[in-house]
Amino acid sequence: MLELVYEEAREKMDKAIAALEKGLLRVRTGRASLSMLDGVKLDYYGTPTPINQAATVAIPESRLITIQPWDASVIKEIEKAILKSDLGLNPSNDGKIIRIAIPPLTEDRRKEMVKLVNKMAEEGKISVRNARRDANETIKSMKKDGDIAEDLAFKGQEEVQKITDDFVKKVDDICAKKEKEILEF
């Protein structure tokens, strides 16, 4: 019975880690990355469309992204969408292809990015702790209903805490890796 509680807690914590990793992909590190443009949508004939569904996106160099629209008439819309996004990127086009040079990050911008990463990591830890709280509440209600003995409930809560500690460590490791990526020149 307790195994189901542990499994459910692990699933919720895994989802928190996955959400954190997905969020961190959008944080700029000074290098070009296709995931930087995730979430940027252009107005494609009245429909909000992700850029990668209207164009070929590539990274020919470490600090350059190229976008080649399949329909040349939407090149201005793609440019507009990139400028409207909060990425701070300046696209330039030659009529057929859009080039986005990724400027190197300044020291102040790097520090801002590290703060953002730490904030995202804290949100991930909060999600993990919420999963722990839910699991502990389930164990307490099982004890109250008489489904498990008091000593089993205590051991169950200890196990949930061990699982939580493991996931908090994962969050810290992911955060440290991203910080190192941001701070390296």
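All figures in this text were calculated on a predicted structure; none of them were measured in a lab.
- Heavy-atom minimum distance, Phe167 versus Arg10: CZ-O, 3.9 Å.
- With hydrogens and angles ignored, the 3.5 Å screen pairs a side-chain donor or acceptor of Lys178 with a backbone N or O of Leu24.
- Just one of Thr49, Leu42, Leu83 meets the side chain to side chain contact (heavy atoms under 4.5 Å, CB included) condition when paired with Ile78; it is Leu42.
- Note: Met113 CE to Ile182 CD1 = 7.0 Å, rounded to the nearest 0.5 Å.
- Within a 6.0 Å sphere centred on CD of Glu150, heavy atoms belonging to other residues, nucleotides or ligands number 12 at most.
- A distance of 14.0 Å separates CG of Asp145 from NZ of Lys140, quoted to the nearest 0.5 Å.
- Under the 4.5 Å side-chain criterion, counting only non-hydrogen atoms from C-beta, Leu37 is not in contact with Asn52.
- Formation of a donor-acceptor pair under 3.5 Å by the Arg132 side chain with backbone atoms of Thr164 is not found in this model.
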Requested in this report: Kindly determine whether Lys169 and Asp173 satisfy salt bridge (Lys or Arg N to Asp or Glu O under 4.0 Å), including the steps that lead there.
Outcome: CA-CA 6 Å; Lys169 185 174 177 353; Asp173 292 347; 3.4 Å; yes
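- The closest donor-acceptor contact from the side chain of Ser127 to the backbone of Glu123 lies under 3.5 Å.
- With hydrogens and angles disregarded, a donor-acceptor distance shorter than 3.5 Å links the side chain of Asp71 to the backbone of Ser73.
- Residues Leu20 and Ile126 fall into different hydrophobic clusters, defined by Ile, Leu, Val, Met, Phe, Trp and Tyr side chains chained together at heavy-atom separations under 4.5 Å.
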Query raised in the report: salt bridge (Lys or Arg N to Asp or Glu O under 4.0 Å) between Arg109 and Glu112: does it pass, once the steps are laid out?
Result: CA-CA 5 Å; Arg109 188 74 175 131; Glu112 281 178 39; 3.0 Å; yes
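- Salt-bridge annotation for Lys12 and Glu8: present, with a side-chain N of the basic residue lying under 4.0 Å from a carboxylate O of the acidic one.
- Side-chain atoms of Glu122 and Asn118 form no donor-acceptor pair, as typed in the model, at a separation below 3.5 Å.
- A 4.5 Å side-chain heavy-atom check between Gln161 and Asp165 finds at least one atom pair inside the cut-off.
- Listed here is the closest heavy atom pair of Cys175 and Val117: SG-CG1, 3.6 Å.
- Residues Ile75 and Ile67 have side chains not in contact (no heavy-atom distance under 4.5 Å, counting atoms from C-beta outward).
- Across Trp70 and Gln53, no two heavy atoms sit closer than the pair CZ3-O, 3.0 Å.
- For Asn136 and Arg133, the side-chain atoms include no donor-acceptor pair closer than 3.5 Å.
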Query raised in the report: Does the side chain to side chain contact (heavy atoms under 4.5 Å, CB included) test come out yes or no for Met142 and Val5, once each step is laid out?
Result: CA-CA 10 Å; Met142 289 167 76; Val5 175; 3.9 Å; yes
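- In terms of heavy-atom proximity, Ala55 sits nearest to Pro69 at CB-CA, 3.4 Å.
- Val57 has its side chain out of reach of Thr66: every pair of non-hydrogen atoms, C-beta onward, lies at least 4.5 Å apart.
- Open room surrounds CZ on Phe154; 12 or fewer heavy atoms of other groups in view lie less than 6.0 Å from it.
- A salt bridge does not link Lys80 with Asp43: none of the charged nitrogens is closer than 4.0 Å to a carboxylate oxygen.
- A pairwise comparison of heavy atoms in Leu64 and Ile102 identifies N-CG1, 4.4 Å as the closest pair.
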Without placing hydrogens or testing angles, list every side-chain donor-acceptor pair under 3.5 Å for residues 93-100, not counting sequence neighbours.
residue	atom	partner	partner atom	Å
Asn93	OD1	Gly95	N	2.8
Asn93	ND2	Glu79	OE1	2.8
Asn93	ND2	Glu79	OE2	3.4
Asp94	OD1	Lys96	N	3.0
Asp94	OD1	Ile97	N	2.9
Asp94	OD2	Arg99	NH1	3.3

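- Side-chain atoms of Ile82 and Asn90, non-hydrogen and from C-beta on, never get closer than 4.5 Å to each other.
- Heavy-atom minimum distance, Lys170 versus Ile17: CB-CD1, 3.8 Å.
- Contact annotation: the side chain of Glu159 approaches that of Tyr6 to within less than 4.5 Å [non-hydrogen atoms, C-beta and beyond].
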